Amino acid sequence: MNVFITGGCGFIGSHLAERLLGRGDRVMILDDLSTGAMENIAHLVGRPGFEYRIGTALDAPLVSEFVDRADLTVHLAAAVGVRLIVERPVHTIETNVRATEVVLAAAAKKQRPVVVASTSEVYGKSASVPFREEQDLQLGPTSHSRWAYACSKALDEWLALAYASEKKVPVVITRFFNTVGPRQTGRYGMVLPNFAQQALRGEPITVFGNGQQSRCFGHVNDAVEALLRLVATPAAWGQVFNVGTTTEVSMLDLARLVRDTAGSSSEIRLVPYDEAYPPGFEDMMRRVPDVSRLERVTGFKPETPLAQIVRDVVEDQRARLGLVTVPA
Ligand code: UDP
């Protein structure tokens with residue numbers, strides 16, 4: 001299979017590319033390196049069947065050329081990460097909405113199949129956990145920039161479903177919950193790589209708010225597996241799927257687990273939200289997926305244990321920081 005990945009130099013994209021090449025598929029990547037990095041695909045460059053282009057997914061002729069050559073397009077290019085979103089709302093909205101439009105319009109010419117990556121952010125601040133794909137979304141006011149991300153991705157979903165029903169484009173929408181693993185950068189605010197770096201450097205581990213807010217962390221390998229199973233399942237096309245795990249952990253407990261895993265003696269420091277984020281930010285207390293649709297349709301339930309996930313991230317950060325693993 002020939003697979004075109006927008007945002008292929010990013011965290012999830014590079015893992016997907018690696019997996020596809022490993023099973024003998026051909027992979028074409030387009031990435032503008034805004035949040036992705038060449039180092040994520042350095043080990044793939046030169047491998048048979050691998051091709052990459054540095055450019056933007058807003059470039060309609062270029063996107064169209066790749067979509068035409070591909071049996072499947074996976075649209076991962078987006079502005080992601082809470083810090084980036086709050087600091088660059090114009091970039092976030094424009095990138096997320098326009099690029100998806102460009103990809104879907106290209107796919108519509110010959111009804112090419114597309115996976116559109118979405119996010120658990122679309123559930124907004126809904127408190128009715130676990131989140132089910134068909135439940136109402138609950139976003140905050142437009143004066144709070146965080147919700148611009150959720151809204152832009154929700155619009156992507158509407159657009160994808162509209163292309164599916166009106167223009168007969170086969171689409172699958174994946175709502176990724178907190179997805180973590182090796183190669184994820186902490187630069188855009190993601191909690192786990194940040195905690196791991198802080199622990200390994202012996203710096204205070206910064207837990208925002210009172211640390212009682214929780215998340216469910218899924219391993220990127222599971223996210224990739226879920227995506228591949230979805231595209232291989234005819235019944236999945238035309239639908240939206242939560243992709244994530246259901247094991248909840250508070251940020252305070254996560255900080256402790258990271259500290260223990262890293263063998264660190266870092267202090268765990270509570271940082272008030274108004275010091276952690278610019279104005280216009282609201283955190284949510286819980287975010288838990290209902291993954292029964294994914295399991296029912298594909299037979300797959302992501303469940304790499306949290307301890308394993310944290311070990312993988314700590315070891316990755318240790319390598320990036322040039323630190324040596326101390327044998328237990
Ligand atoms: N968080 C934290 N310390 C950090 C970065 C994030 O306590 O250094 C918290 C953040 O406030 C949120 C949780 O960790 O409650 C997850 O944050 P992340 O940005 O990784 O994902 P999201 O908020 O999108 O779920």
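Atoms within a ligand are numbered from 1 in the order they appear, just like the ligands themselves. Given the structure is predicted, the values throughout are model-derived calculations rather than measurements.
Only side-chain heavy atoms of D283 come within less than 4.0 Å of ligand 1; its backbone N, CA, C and O stay farther off. Neither the backbone nor the side chain of V271 has a heavy atom within less than 4.0 Å of ligand 1.
For ligand 1, the atoms lying closer than 4.0 Å to a non-hydrogen atom of E121 are 24 (O). Against a heavy-atom cut-off of under 4.0 Å, N178 is close to the following atoms of ligand 1: 21 (O), 22 (P), 25 (O). Ligand-side atoms of ligand 1 in range of G189: 5 (C), 6 (C), 19 (O), range being under 4.0 angstrom from any heavy atom. Residue V207 approaches ligand 1 through these ligand atoms, each under 4.0 Å from one of its heavy atoms: 7 (O). Atoms of ligand 1 found under 4.0 Å from any heavy atom of R287 (numbered from 1 in listed order, with element): 22 (P), 24 (O), 25 (O). Proximity to M190 (heavy-atom distance under 4.0 Å) selects the following atoms of ligand 1: 20 (O).
Annotation: F208 is in aromatic contact with Y277 [ring centroid separation under 6.0 Å].
Under the 4.0 angstrom criterion for non-hydrogen atoms, M284 is not in contact with ligand 1. By the 4.0 Å heavy-atom criterion, R146 is counted among the residues contacting ligand 1. For Y277, the heavy-atom gap to ligand 1 drops under 4.0 angstrom.
Every N/O-N/O distance between M251 and ligand 1 stays at or above 3.5 Å. When only interatomic distances are considered, the shortest N/O to N/O separation between T206 and ligand 1 falls below 3.5 Å. Where the criterion is an N or O separation shorter than 3.5 Å, residue side chain and backbone included, Q213 meets it with respect to ligand 1. The shortest N or O to N or O distance between Q198 and ligand 1 is not below 3.5 Å.
Counting only N and O atoms by type, the side chains of W147 and E121 include no donor and acceptor under 3.5 Å apart. Side chain to side chain, Q198 and S266 fail the donor-acceptor criterion of an N or O pair below 3.5 Å.
Remark: K167 NZ is loosely packed, at most 12 non-hydrogen atoms of other residues, nucleotides or ligands lying under 6.0 Å away.
With F131 as the aromatic partner, R175 does not meet the cation-pi criteria of under 6.0 angstrom to the ring centre and within 45 degrees of the ring axis.
Applying the salt bridge (Lys or Arg N to Asp or Glu O under 4.0 Å) criterion to R88, with sequence neighbours excluded, gives no partner residue. With sequence neighbours left out, the side chain to side chain contact (heavy atoms under 4.5 Å, CB included) criterion links C151 to L139.
No chain of hydrophobic side-chain contacts below 4.5 Å, direct or via other Ile, Leu, Val, Met, Phe, Trp or Tyr residues, connects V291 to Y123. V231 and V169 fall into different hydrophobic clusters, where Ile, Leu, Val, Met, Phe, Trp and Tyr residues are linked whenever their side-chain heavy atoms come under 4.5 Å apart, directly or through other members.
Under the 3.5 Å distance criterion, the side-chain polar atoms of R183 are left unmatched by any main-chain donor or acceptor of I12.
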